[in-house]
Structure formats: structure tokens, C-alpha cells
Amino acid sequence: MKKYLNLLPFIVISILLLVIYRAWFFSETIVGGDMSYMYKSMLNDYQLLPYAWQWSLNGGFGGFSGPYLFTYFPSIPIIVFGKLLQLDWNIVARLCQLFLFIVIAIFSTKYFINTLFPKSKWYLLSIGIVLFNTYTLMLVGGGQTIVALAYAFAPVVLASFIKVINCKDFTIKTLKLSVIAGLVLSIQIMLDVRFVYVTLIAVGVYFIFRAISLLKNRQFKKLCLSIVYIFILPASLSVLINAYWMLATLLNKSNPIEDLGAAYSSADAVRFLSFAKLENTLSLLHPNWPENIFGKVSFMRSEFLIYPLLAFASLLFVRKSKKEEKQYVLYFSLLGLLGAFLAKGANDPFGDLYIWLFDNVPGFIMFRDATKWYVLIVLSYIVLIPLTLSKVITLLSDRSTYSKFIVLGIVLCVCLFSIRPALLGELRGTFTYHTLPNEYKQLEQFLSQQDTFYRTLWVPNIQRYGYTTSTHPAITVENLFRESSVEKSLAHLTEENSQETLQEAGIKYIIVPLDSEGELFVEDRKYSEKKYIQTITTLEDIAWITKVREFGKIQVFEVSNPKDKFWSTNSEVKLSYTVHSPVKISLVADNARKGDIVILTDTFDQKWIARVHGQEIEPKPYEKKYTSFVLPDNGTNSLEIEYRAQNLIYIGGIITIGTLLLVGIFLMKQNKK
Amino acid sequence: MKPQDFIFFIILIGLLWKRNPLWAVVVGLLSLFLAAPLFQLQVFFTAERLLMYACGFLLSGIVLFILENKDHK
């Protein structure tokens with residue numbers, strides 16, 4: 001009987017996993033939120049190596065990818081399973097993102113709890129809190145799976161650093177722990193830098209506990225060594241391991257947040273995006289629960305107050321706890337309150353303090369969306385809630401055998417009641433069953449079979465089953481006309497010079513998608529057939545485009561004479577080119593005159609360079625948008641066009657590989673001892 | 001400042017003067033507990049206020065526990 005009772009928690013967690021995440025197991029197609037569908041042609045478009053130029057940036061017009069190249073690491077499994085093994089997206093998404101998240105969340109949490117309490121049997125409850133809390137469900141339901149991997153890694157990163165901080169002496173064992181902490185930190189950096197910042201705040205708070213003790217005992221040498229082993233060594237290791245993208249980013253002084261504009265870096269954006277209030281954050285209740293619609297915030301649900309009640313009730317048992325357990329309770333209680341305070345963003349109380357932090361503290365600019373700080377609350381509650389329950393159960397066991405089951409049963413019922421939308425299948429995004437519409441399969445076949453380069457313009461937006469590759473980048477009207485709304489962008493299409501704008505952008509097709517998910521033609525958050533028809537009518541009235549294909553409700557209009565990837569202002573010049581890689585292109589221009597201009601229909605970037613007979617030609621902007629080169633000779637010009645920043649990627653890559661080898665050798669030698 | 005805020009500060013000062021962290025934690029948990037029916041009845045202003053006070057009491061309790069630890073050492 002006892003054996004079956006011991007298995008009961010595993011069974012409960014497994015059943016809940018299958019019920020709540022059932023769409024991940026049984027849905028035909030995996031899409032939802034930020035997660036779009038990838039056809040085999042799109043999976044084949046992945047590059048084996050990291051490149052400094054990424055075609056999909058700047059709305060499909062390409063850009064310097066340095067600050068975003070940390071995404072190369074999580075794309076490696078997709079390259080292996082999707083490109084090399086040619087598996088279908090529904091298998092690739094499950095293996096490389098969804099199930100990987102579940103596995104990492106489970107083992108990361110178990111490792112974390114076992115680090116703090118080696119004999120604890122309550123890690124399953126912690127795993128349940130991580131997998132089934134509303135923040136997690138909204139994150140993964142919203143298709144932010146790579147971000148979710150970084151979030152799932154947070155417990156193991158914090159545990160690794162706690163191990164280093166807890167070392168009383170600085171021996172080779174401490175060095176090994178410090179190296180491991182650096183290694184796991186570097187993995188988290190490769191997933192999402194923002195969660196690294198949040199996790200390091202948690203590390204910093206724990207370190208303060210230790211630092212106060214060292215300062216009080218005047219152990220200044222130990223304090224300095226602590227800083228080296230806890231921060232300097234792991235941080236240095238992380239930087240070296242991430243050198244393949246950090247070197248190019250730092251030397252090119254690229255700040256992706258400022259490049260995105262005021263919407264990402266202004267205090268007004270923070271105020272606007274502060275949807276969570278203190279009651280949400282303290283209760284581990286995501287403000288958009290359960291519908292996960294941007295901006296739609298529900299009333300506070302009082303049943304969620306069970307979580308902070310259970311968590312902070314652990315403070316009642318502090319006096320009777322051992323020293324280490326006492327320290328953990330105080331630390332994680334403080335962490336939970338800190339997380340609750342930060343995650344509410346600019347809301348009361350003291351919301352202006354968050355704005356001050358955003359404007360003045362380095363790195364805080366990454367948190368215009370304050371919900372990332374929920375991670376601190378999760379890290380706190382996965383320790384405190386099981387601790388409280390174990391103390392209560394121990395107290396009750398002395399009085400009655402069945403009372404502990406009654407208490408656990410009541411707690412479980414209230415918790416399950418709080419997440420009932422998840423149990424009842426009411427969640428959206430990746431938790432909904434999807435089927436790839438046939439219309440999109442037909443559209444993909446139609447577009448992918450054409451070998452020549454062109455862009456497709458999606459009106460109003462690229463649908464999640466939309467097709468886009470480096471040869472056929474998909475762009476939106478908002479990106480093309482740099483407007484803030486679809487209506488203003490559509491108005492541009494009817495202007496006199498818009499035909500030339502689209503031709504120069506290399507746009508061959510304008511596509512009005514089938515809004516199978518009810519996300520694009522929306523009025524009052526509901527699908528509007530009227531908006532769909534209005535869009536079609538607007539396009540049909542444009543004289544210089546022709547409707548060429550229909551795939552059900554997908555309408556495809558053709559733009560006449562779009563420019564190729566390369567074109568010249570002199571129409572007599574004949575161009576042919578070979579794309580060796582995203583950063584290296586060979587171009588031959590025949591019948592040219594000296595001074596003729598060749599335009600590359602990608603975003604202007606000074607880092608491109610063209611070489612002809614050893615002579616270097618610097619790029620010039622064409623119409624302030626595209627990159628152009630002036631041909632130096634009459635007749636035939638053979639240009640080798642390269643993106644100079646790529647050299648930094650190669651140098652950084654050598655540093656990354658070298659560091660990983662050294663770390664690997666060191667850890668193997670230590671394990672042998 | 002609302003009248004409830006004055007009551008909160010009086011209780012907080014009392015708890016800090018008493019230097020008993022357990023009382024601060026109990027008052028904090030009580031505030032959390034009392035907020036639940038208020039949220040259910042949609043008495044949001046008072047409920048939100050109670051949660052802010054709960055955080056204040058819990059934070060005081062944590063700080064008092066930390067100071068208590070140091071005194072015992």
C-alpha cells in the first residue's frame with residue numbers, strides 16, 4: 001500500500017501533464033501565439049553556420065544579426081532534426097521546443113530542490129508548480145517556447161550559483177562548481193539574455209546574505225575570493241562561450257533595443273505594458289489569464305491567494321528550523337516579495353520606482369514587459385510552498401493519520417480549481433488543436449516551386465501558416481511603409497508612386513491570407529469578414545496589380561516587373577549572381593558603363609563591401625533604404641560582395657569552441673579524480 | 001494617504017517596536033486571508049490595500065527574523 005502511495009504523486013503529475021498539455025501530444029499541427037508553422041522548404045533554409053547577416057530582420061529586408069545570433073544555439077536541434085534528418089515540423093517542434101521545455105523544467109526543478117534539500121521528497125510538488133502555474137501556461141501557450149526554455153533553465157542556474165556561494169573554502173572543488181555555474185549561465189544566455197539578468201538578480205540577493213556574514217566577521221579576503229568565484233569567473237566564462245555573437249555585437253556597438261525605437265525603450269511603454277497588479281504578481285496569477293489576449297486583463301481571482309498564503313506561511317516555522325533551512329526560507333521569502341514588486345511594473349505601490357530603475361539601472365531597459373520578473377516568484381514559491389506543506393503534514397501526522405491526506409486533498413482541489421481553464425481545455429495558442437489548412441499547403445507549393453528571388457507582401461499581416469524563406473521573404477505593409485497601422489499602410493498602396501516602391505522592393509506577389517485563426521481581420525477582438533472583404537476590394541481597385549491565383553480565401557495578386565535581388569539603374573546592364581552564403585555573393589554585371597549603380601534590395605548597411613580586381617568599393621545608400629555599389633569599369637564587372645562583420649563571427653566562434661574544449665577537458669579531469 | 005494607511009502604519013510601528021517577527025508574519029498572513037473574500041465580493045480598493053499591507057508586514061517580519069538571527073549569533 002505504501003508503495004502505491006509513493007507512486008501517487010508521480011501519477012497525479014503525469015495525468016495533469018497529459019490533460020493540460022494534451023494538445024502538445026495529440027494535435028495534428030503545432031502552432032500558436034508567436035509560434036508559426038514551418039514547411040520543409042523553410043526548415044531547409046536554416047543555415048548550418050551562424051552568419052552576421054540575417055535576411056528576416058528589418059521586416060524581411062535583412063540586417064546585422066549580431067545581437068540576435070544567440071538564437072543560433074537553440075536552432076541547432078531544429079537544423080539537425082528539420083534540415084538534416086528532414087523530419088516534419090510537427091515532430092521538430094515537439095522534440096526541439098515543446099517536449100524539450102517539459103524535460104528541462106522537470107530536471108531543472110528537481111536538481112534545484114535536491115540542491116537545497118537533498119532529502120526532500122517534495123520536488124514533485126515543485127515540478128507541478130513550475131509546469132502548471134499561470135505564468136508558465138501563458139508563456140508556452142503564447143508560443144514563446146525559446147523564452148520558456150530560458151525560464152525552465154533558471155532553477156538549475158540558481159542552484160549552481162548557490163552551490164558556489166555555499167562553499168566555505170576555496171578549493172579545486174569550488175573552482176569546478178564555479179566553472180559549471182559559468183557553463184549553465186552561458187547556456188541560459190544562448191536562450192534569452194533577459195532571464196539571465198533575472199536569475200543573476202536572484203543570485204545577487206543570495207550572495208548579499210553571505211556577504212553580510214563575511215563582512216561582519218571581517219573576512220575581507222574571503223569576500224574578494226567569493227566575488228571572483230561567484231561572479232567574475234562564471235561571467236568571464238559565459239562571455240567567452242558566447243563570443244561567437246558577443247564579439248561582433250560589441251565591436252559594432254549595436255544596441256538592438258534602441259534600434260527598435262521608443263516603443264521598446266521609453267518609460268511610457270513601460271507604463272502601458274504594466275498589466276499586472278500587486279494582487280496578480282503576489283498570487284502568481286498572470287494578468288492575461290486565461291485568454292492570453294494582449295491587453296485583456298481579468299479581475300483578480302481570490303482562489304489564487306492560496307499560493308502566497310502557503311508560501312509565506314513557511315515563515316511561521318522559521319524559529320524551529322535548522323540554520324540552513326532558516327536561511328533559505330528568509331531568502332526565498334524576500335525573493336518572492338521582490339519578484340512580486342518588480343513584476344507589477346509601474347503599478348502601485350511605488351510604481352515610479354520601477355520607472356526609475358528602467359531609466360537608470362543598466363540592463364533594466366530589457367524589461368519594458370515586467371512579467372519576466374514572475375520567474376523570481378516561481379523560484380520562491382517552488383521552495384516555500386512544499387516547505388510549508390511538509391511542516392504542516394509533519395505537525396498533523398502526530399495527531400491523525402488521515403489529516404495529512406485531507407489537508408493535501410483540500411490544497412490540491414483549490415489549486416486545480418484555480419487552473420480549471422487549463423484542465424477544461426479553454427486555453428488558446430499552442431494548447432488548442434490545429435490543422436494545417438490545405439489552402440496554405442497549396443500556396444506554399446505555388447511559391448516555393450519558383451526558383452527566382454522575390455518578396456511577398458502580406459496584407460494585413462503574415463499569417464502563422466505563411467511561407468517565407470531567404471529566396472522569398474515575406475514582408476508586411478506596415479514594415480514596407482513604416483507605418484504604425486494597417487489602414488495607413490493600405491492607403492499608401494493606392495498612392496501614385498507605390499507601384500515603383502513595390503517593384504524596387506522586389507515584391508512580386510501581394511497576398512491576402514485566409515484568417516483561419518481569427519487573428520488578422522479583427523474588430524473588437526473578433527474576426528470580421530467585413531474587414532477581409534474591404535481589403536480585397538481595396539486591392540482589386542488598384543490598376544497595376546492583377547489577381548493571379550486563389551487558394552480558397554487566399555487571394556494572390558501579382559505586381560508586374562518586380563526587381564530582382566540585384567538590379568541596375570541602367571536597364572541595359574545584364575546582371576547575374578550566385579549567393580554562396582548570406583554574407584558572400586558573386587555578381588557579374590555585363591554591358592555596364594563606369595559609374596552605373598547596382599542596387600542590392602536589402603537594407604542599407606555600411607558593413608557590406610564589394611571587391612573588383614582587388615579594388616574595394618564602399619556601399620552607398622540608395623533612396624536611403626537599400627545598399628548600392630557604383631561600378632568602376634566599362635563592360636564586364638565581376639564583383640565579390642561580402643559582409644565584413646562575418647570575420648568577427650569567425651573569430652568569436654574560435655574563441656567559443658576553444659573555451660568549450662578547455663572547460664570540457666577541465667571537467668573531465670576533475671570527474672576522473 | 002487614506003485612513004487605512006494610518007492604521008497600517010500604527011500597526012507596523014507597533015510590530016517593529018515589539019520586535020516580534022512572528023507577529024508581523026501572522027498579521028501579514030491575516031491580511032492576505034482577509035483580502036480573499038473582498039476580492040470575491042469585488043471590493044477591490046480595500047482588497048488591494050490589504051495586499052500592500054500584507055507585503056509590508058511580511059517584509060518587516062523577514063527583516064526582523066534576519067536581525068534576530070544576527071543577535072543570536
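Lettering of chains follows the sequences in order, A, B, ..., and the numbering in each one begins at 1.
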- Shortest non-hydrogen contact between C55(B) and L282(A), atoms and distance: SG-CD2, 3.7 Å
- Query: Which heavy-atom pair separates A36(B) from S302(A) by the least distance, and what is that distance?
  - Reply: O-CB, 3.2 Å
- Among residues 43-53 of chain B, residues within the sub-4.5 Å heavy-atom range of chain A, in order of number, are F44(B), E48(B), L51(B), M52(B)
- Message: Are there residues of residues 3-10 of chain B whose heavy atoms fall under 4.5 Å of chain A's heavy atoms? If so, which?
- Response: none
First locate atom [atom1] of [X], then atom [atom2] of [Y], and finally report the distance between them rounded to the nearest 0.5 Å.
X: I306(A); Y: L32(B); atom1: CD1; atom2: CG; value: 12.0 Å
X: I66(B); Y: S333(A); atom1: CD1; atom2: OG; value: 9.5 Å
X: I62(B); Y: Y331(A); atom1: CD1; atom2: OH; value: 12.5 Å
X: K326(A); Y: F65(B); atom1: NZ; atom2: CZ; value: 8.5 Å

- Query: Of the backbone (N, CA, C, O) and the side chain (C-beta and beyond), which part of L330(A) lies under 4.5 Å from a heavy atom of chain B, both, or neither?
  - Reply: both
- Query: Which atoms of L316(A) come close to chain B, meaning under 4.5 Å heavy atom to heavy atom: side chain ones, backbone ones, both, or neither?
  - Reply: both
- Item | L315(A) and L22(B), any side-chain heavy atoms less than 4.5 Å apart | no
- If you tally heavy-atom pairs under 4.5 Å between each of L58(B), V25(B), L29(B) and chain A, the highest tally belongs to L29(B)
- Task: Take atom CH2 of W122(A) as the centre, draw a 6.0 Å sphere, and report whether it contains more than 12 heavy atoms from other residues, nucleotides or ligands.
- Result: yes
- Answer yes or no: does atom CZ of F220(A) have more than 12 heavy-atom neighbours from other residues, nucleotides or ligands under 6.0 Å? yes
- Item | Pairing residues for L16(B) by the side-chain contact (heavy atoms from CB on, under 4.5 Å) criterion, not counting sequence neighbours | L12(B), S60(B), L64(B)
Indicate every side-chain donor-acceptor pair of residues 336-345 of chain A with a distance under 3.5 Å to a residue at least two apart or in another chain.
{"from": "K344(A)", "atom 1": "NZ", "to": "N347(A)", "atom 2": "O", "distance (Å)": "2.8"}
{"from": "K344(A)", "atom 1": "NZ", "to": "P349(A)", "atom 2": "O", "distance (Å)": "2.8"}

- Task: May I have the step-by-step check of side chain to side chain contact (heavy atoms under 4.5 Å, CB included) for R319(A) and E68(B), ending in yes or no?
- Result: CA-CA 10 Å; R319(A) 277 196 179 136; E68(B) 192 181 74; 2.6 Å; yes
